[in-house]
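Letters A, B, ... are given to chains in the order of the sequence lines, protein chains preceding strands, and every chain is numbered from 1. Quick note: numbers below take in every heavy atom, side chains included, and nothing from hydrogens, waters or symmetry partners.
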Amino acid sequence: MNIERLVSMANEISVFFASESPPGQAAHDVAEHLHRFWEPRMRRQIIAHLEEHAGAGLSDLARQAVQALAAERPGGA
Amino acid sequence: MFAIDYHDHGTAAPVAGEPITLQIDGREVTVPAGTSVMRAAALAGVDVPKLCATDTLKAFGSCRLCLVQIEGRKGYPASCTTLAEPGMKVCTQSEHLQQLRRGVIDLYVSDHPLECEGCAANGHCELQSMAAAVGVTETSYERGSMHRPLEVDRSNPYFEFDPQLCIVCSRCVRACEETQGTFALTVQGRGFASKIAASEDEPFLDSECVSCGACVEACPTAALSEKSLARGLPRARAVSTTCAYCGVGCNLVAEVGGTEAEPEVIRMVPNRDGHANAGHACVKGRFAYGYATHADRQLKPMIRKSIREEWREVSWEEAIAYAASEIRRIQERHGRDAVGGITSSRCTNEETFLVQKLVRAAFGTNNVDTCARVCHSPTGYGLKSTLGESAGTQAFSSVAKADVVLVIGANPTDAHPVFGSQMKRRLREGAKLIVIDPRAISLVRSPHVAAEFHLQLRPGTNVAMLNAIAHVVVTEGLVREQFVAERCEAPSYERWKKFVAESRNSPEALADVTGVPAEQVRRAARLYANAANGAIYYGLGVTEHSQGSTAVMALANLAMATGNLGRDGCGVNPLRGQNNVQGSCDMGSFPHEFSGYRHVSDPAVRGMFEHAWGVPLVGEPGLRIPNMFEAALDGTFRGLYVQGEDIVQSDPDTSHVTSALAAMECVIVQDLFLNETAQFAHVFLPGSSFLEKDGTFTNAERRISRVRQVMPPRAGYADWEVTMLLSNALGYPMSYRHPAEIMDEIARLTPTFEGVSFEKIDRLGSIQWPCNEAAPEGTPTMHVGEFVRGKGRFYTTEYVASSERVNSRFPLILTTGRILSQYNVGAQTRRTDNVVWHAEDLLEIHPHDAETRGIADGDWVGLTSRAGETVLRARVSERIAPGVVYTTFHFPQTQANVVTTENSDWATNCPEYKVTAVQVVRITQAEAWRTRTAQAHYAGRTHDPAHA
């Protein structure tokens, strides 16, 4: 899939949770959203983007969320 | 003329009342206080003669035919305007009354033709019936002029007005006022010269008439009658069913004639007992059903190996076998998840349930989505998060108790016209109206209705506006603190309260963003918050934004903060676009949820479905529609089954969609017509219209209503049967004998549908889910006493400007919408006479913007965005503000979605249809533009990877 589109989507999700989530919980909430609504190949691709391209284009929060996603659920699955 | 199987009670039932008992011609009858003597008599089995009375209208008391005698009272009161009282003794039949009535009828028929043979109303004419009842066969007076030489008005494509047959009872005038709320008709002149006139005595088609048919329904003779009756075909039976157009879900009665082998719908009338519509309909539901028998229907299955080849008509067996073999071939070669399906919000609940079951159980993937993705998916997300259920909170009838109505991003009189009429009735009674919309929709000012406030905000600034309103509510002490304390989560409320109270969220700070003066916002906020009952109604103008889900949450926040949930007259009410948007979502069409909105990762829920369906199911979410397109373009998604949805015309960024479809190896389209998507299909399976099948639709108020078969499927199979054929060919057996069995399975697997069955719907008329042990007859109002999720959850709704912004190249913002006479992509309504009102999409442009571009009304203009370009005619209008243009998306010739972009809601990927930066230029070579743009967005058809 178009990685720029996935990056943009992850950033938009992060913008919402940045203001909505209680302090310290935003990255977890973004990761949870990705896990609940993104099909596995989308998650695998954004994790691969993080690992192979240092998550270029991801906001700080989105990057933390994708890191959490990769750590908690290897391969995004 | 009402339905052939309807018994009219003369006056409406009162809202409520203590039971009282009276006698009618010696028969005792108990009725609620507030019931008229006429209605009480009808309930006692005594039909009092009448002409000006009918039970959808207020009592009028003008025809003097319903006179009765009441013991202890002088004179002969009209039974329609006299209320029943305890112990009252009423006599409806006596020689003297008969004599009085004969005199009245004698006068009526003196000015009415007496040649009933050949009249469209023969056998169903109320004047004919009344004359027979009182024994009048001719007049004793000199014959009147019968409005000669006035001509029959045949201007409307669906009905005609014959002044000769008119008895000037005013029922049509009153129906236009009371039922529809348009006030297009009047009685002109005096005495025998009195006649019905439309607007300024214009032909109906040129008048303000919206062709809803309420006047035709109300007419006691054939003065106003359907043209379809002129053929004189007998109406042998009446079939109650549900309209397949918008999310109001009107109950209609199809009057059917013809032969058993070839039944024919002679006319469609609103069901007066219909729970959603109470005897009203609109120009689409009542009249625009001719598409079902249109010559464009493709009735034979077709296949082709490549989209560059011509179609080849084949048998059902060959088409199904080919489709199944292609699905399996793709899966073997590219993996299980390389295929998916799209369910339709136009098909029944049972059909939708079956398609998602096919995808999950037979395909073995969760790559299933629904066209609701592109309209109300943010409603599901936003309301589930805040209130706990992905659905509107009220029944339509709730609006009758609203004191303030807030309409945002919706156009009820055009897109949900029957509910729009109910809303206007309440507004005429005195409820206040706030409209938040970039466009001056008709509700802003129409006869006897005027919005207190029209907050004409810039497209894309809903969340800023709702935050500004919330700011006023919080900072001016308008929160219903007790409600919030009892019903909502305290930590989330405190966070939200602190957030909206920040000065950056004040109306003053956000005025530059929204374009709306702060004082207007403050006054509107006070009006809503201080209302005893404040009701919110919203549509796609809220959801189809990059912050669609955030805006839905912001609306729920407002309703919770002001205590406007959990009772009649208030609530948060999404107006669903298509007939079964609610149902398609309920039925598990989203890739992450089973029916009843339960996540696929829940092992208990998934286990229940695995047990019932006998196969292992995937616990990960599948692809959404936009993700399917992306995956198709990178080669990981190659097969798609699309039931009843034209994704090429309705989804945004057409060239992106067509490129994705062209990249697939097998696209299976099941539809009534060879739609735009079919150009990219390899298998075409003929669909069946709502007249050709049984099932249920669920409307915007969660009301499940029956769809009943009127005629056999024209192509041989109903849509649910086609899905079964495909499933069986794929080796996953399905063997339902009737959609009722599918509903039984839905009920077994879906807690909110636990108590639903066809038998119960038939018995009760309709059911609003949840329907279960706690609510065996359904739930009109949700969240009474407690929210579905327990405590209501406030969400912080930071405003984020859309990335779609104007610049020097694209200096205007395009927003899209609907018009009354057309529906969605127009596949149905374009194939009816509704095109006389709207034969093409038009671009509304403000006079200032038009003048600076040298554009005059009716000029061809080119509309260009960064996604694409199209051409259409301009309508210069002050309905939209400078800097904003507006169009509809009903016609493939325009293909308005060529210009909309890939931007979408952050939570659900619902496209941002409502905000596109564009440029508009006057053009002279429209055809050259059209050819060029068509070539651009169908460029994908030149490449077909499947068999290259």
Nearest 0.5 angstrom please: [X] [atom1] to [Y] [atom2], how far?
| X | Y | atom1 | atom2 | answer |
| --- | --- | --- | --- | --- |
| A:Phe17 | B:Tyr795 | CZ | OH | 7.0 Å |
| A:Ile13 | B:Ser549 | CD1 | OG | 10.5 Å |
| A:Gln45 | B:Glu630 | CD | CD | 9.0 Å |

Can you name the side-chain hydrogen bond (donor to acceptor under 3.5 Å, both in side chains) partners of B:Ser492, sequence neighbours left out? none
Pick one of side chain, backbone, both or neither for A:Arg5, based on which atoms fall under 4.5 Å of a heavy atom in chain B. side chain
Below 4.5 Å from any heavy atom of chain B, which atoms of A:Met1 appear? Answer side chain, backbone, both or neither. both
For B:Glu502, is the CD atom crowded, meaning more than 12 foreign heavy atoms sit under 6.0 Å from it? yes
Nearest heavy-atom pair of [X] and [Y]: which atoms, and what distance?
| X | Y | result |
| --- | --- | --- |
| B:Met553 | A:Phe16 | SD-CZ, 3.6 Å |
| A:His33 | B:Ala907 | NE2-O, 3.4 Å |
| A:Pro40 | B:Pro621 | CD-O, 3.4 Å |
| B:Phe794 | A:Glu20 | O-OE1, 4.4 Å |
| A:Glu39 | B:Asp337 | OE2-CB, 4.3 Å |
| B:Ser904 | A:Glu12 | O-OE1, 3.8 Å |

Do A:Arg44 and B:Glu620 meet the salt-bridge criterion of a basic N to acidic O distance under 4.0 Å? no
Okay, B:Tyr381 and chain A: the region with an atom under 4.5 Å from a heavy atom over there is side chain
Per-residue contact mode, B:Gln547 against chain A (heavy atom under 4.5 angstrom): neither
Please confirm whether the ring centroid of B:His592 lies under 6.0 Å from the ring centroid of A:Trp38. no
Checking B:Arg495 against A:Ser21: is there a side-chain donor and acceptor pair closer than 3.5 Å? no
In a check of side-chain contact (heavy atoms from CB on, under 4.5 Å) between A:Arg41 and each of B:Asn627, B:Leu623, B:Asp634, which one passes? B:Leu623
Choice from B:Asn366, B:Leu633, B:Thr797, B:Asn909 maximising heavy atom contacts with chain A below 4.5 Å: B:Asn909
